[in-house]
Amino acid sequence: MLNFNGGTAVSGTSIASLGLYVGSLLLRLGDVAIAICFLVLTALYCLIVITTLCRYIINYRRNKHLLAYKIN
Amino acid sequence: MLKFPMFKTRVPKTRKFEISNFVVPKKYEKSSFGAEKATVCALIPTYKPGFLTLRLVGDFARWNPGIEIFVIDDCTPSGTEGSQMVFKRVAAVSDRVTLLRTPVNTLKAGALNRGLRYIFEERKGKPPDVILTLDDDVVITPSTVKNLVTELMSYDELGAVCSQCRVLNKNKNLLTRLQGLEYLGFNATRLADEGFFRGPLVMHGMLTAFRTAAIQKVGGFAEKHLIEDYEITARLKTAGWSVKSAVNSDAWTVVPETLGMLWRQRTRWSYGGITVIDRVKRLPSVMQDLIGHGTFWATIFTIDILIFSILFGGGSSISPKIPYWIIALSLFQFGVWYVFQLWLMGLYKEKDAIDWLIRVSIIPEFIYANTLTLVLVGSYFFLFFNTLACSVTNRSSRAAWRIVERGEAAFRAFGYTKSWGTRTNY
């Protein structure tokens, strides 16, 4: 799923569908240029997803005491 | 930018941007200032206000004693009877409510600056510690403002703190439900960005608390800008302030109910975001957007290579392990993010079975996100067009001018323009 709306949110699913398609295509085509480009790209997306999740988990734990409130 | 009289303005010493913050966000140090001592003013710009504005001012005055409220009429035409009635009732809500009016229609940023000028130049007494800016169709809870101000004044480094965004008309149709889920993601992204390159990308215009010293330092809002909230956030970060969201400060807003209105709103956000990047003085202030645009172009580049390779034949053979790695990484990231999206639903207080169905099935959000990606593609085309149009001068031929005029009209038909500002009713 390509998801760049607003230029702000890079969804974890942004490259997944494309990556799956290209991965299966490469099994048949076997082009080295595409392979390296997509490997770098999917790794980059993975890095963004993982680091974003790390920050979210850390900040969630830091703010957890505030999240226990109830909406009036 | 405006110039306001300065009152003990001091930008706190902040550490430089650190690469380690990509994984471990910076933790802010607690302030010794008692948040309960903070004096607060609220600015509510409005144009043709309706019932929600009256409700907002009433709730605000009732739940936040001691806070002055400035409702700024952005030159609503005198013929709009319903709105004039709302103004009369708003003024009668409390003696803490002051009605201001702009001499001409200046859009939201102009109306906010009118309020700031009043606070700093016309109003008697010391300026407040905190200035709140709100849209006129926001719904709040009794604790929204208190929690927001407490969060802002608890950390000396913070120049602004924004509320959580929730969708008031979520159950209207599928599009509003999708936006409800999207806003849930926006709130999560803001939390993830706390302590990352001075905080989240945008302190949204819906409800944000600004430290008065910070807003004085940057000189108020940029008028005639497409998205003045993102623009001022970037300037705050450039000036050395950090920003964050308050997870315990909820506010609800009305989102577009038709695709046309949503498209128009998002073209403004998208092209406005590009203009902020274009003019920002320190690129790390817009780091999240740089990553977003960077990955977009990296993806376009690799798709181009793929198409080129399919059309003109493959190159040398590769190890079969690489395709499997690509597939595995794609599946891994999809799985991680999908589980996270499902977990986030636990924080979505307004959710119902239909929202669960939308999220679990993925397809509606898939189509929604891809459709909105087209907005970004259009923004790049509009940027390219405007860059070319800048080269057309008085010496250029009539044909060149005609092309520019037709191009502008075509882009305007698709919702792209350089010269409108935020209006709360889109």
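In what follows, chains are A, B, ... by sequence order, proteins preceding strands, each numbered from 1. Source: prediction; values computed, not measured.
In summary, the aromatic rings of A/Tyr45 and B/Trp337 are positioned with their centroids too far apart to meet the 6.0 Å limit.
Residue contact with chain A, scored on non-hydrogen atoms closer than 4.5 Å, is absent for B/Val375. Proximity to chain B (any heavy atom under 4.5 Å) is shown, for A/Tyr60, by both the backbone and the side chain. For B/Leu347, the part sitting under 4.5 Å from any heavy atom of chain A is the side chain, from C-beta outward, and nothing else. Residue B/Trp343 touches chain A through its side chain alone, counting heavy-atom pairs closer than 4.5 Å. With a 4.5 Å cut-off on non-hydrogen atoms, B/Tyr271 does not touch chain A at all. Heavy-atom distances place the side chain of B/Leu344, and not its backbone, under 4.5 Å from chain A.
Around CH2 of B/Trp325, the count of heavy atoms belonging to other residues, nucleotides or ligands within 6.0 Å does not exceed 12. Annotation for B/Tyr348: atom OH counts as buried by contact number, over 12 foreign heavy atoms lying within 6.0 Å. By the neighbour-count criterion of 12 heavy atoms within 6.0 Å, atom OH of B/Tyr380 is densely surrounded, having more than that number from other residues, nucleotides or ligands.
When A/Ile36, A/Thr52, A/Leu39, A/Thr51 are compared by the number of non-hydrogen pairs under 4.5 Å with chain B, A/Leu39 comes out ahead. Options B/Ile322, B/Ile305, B/Val23 differ in how many heavy-atom pairs under 4.5 Å they form with chain A, and the most are formed by B/Val23. Between chain B and the options A/Leu47, A/Ile50, A/Leu44, A/Leu53, the largest number of non-hydrogen pairs under 4.5 Å is found for A/Leu53.
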Could you please spell out the steps behind the side-chain contact (heavy atoms from CB on, under 4.5 Å) verdict for A/Ile58 and B/Glu194?
-> CA-CA 10 Å; A/Ile58 292 167; B/Glu194 184 179 317; over 6 Å; no
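When all heavy atoms of A/Arg62 and B/Lys26 are compared, the closest pair comes out as NH1-O, 3.2 Å. Taking both residues in full, the closest heavy atoms of A/Phe38 and B/Ile303 are given as CZ-N, 4.4 Å, listed atom of the first, atom of the second, then distance.
Here the side chain of A/Arg55 pairs a donor or acceptor atom with the backbone of B/Phe22 at under 3.5 angstrom. Formation of a donor-acceptor pair under 3.5 Å by the B/Asn248 side chain with backbone atoms of A/Leu66 is not found in this model.
For the atom pair B/Ser330 OG and A/Leu41 CG, the distance stands at 9.0 Å (nearest 0.5 Å).
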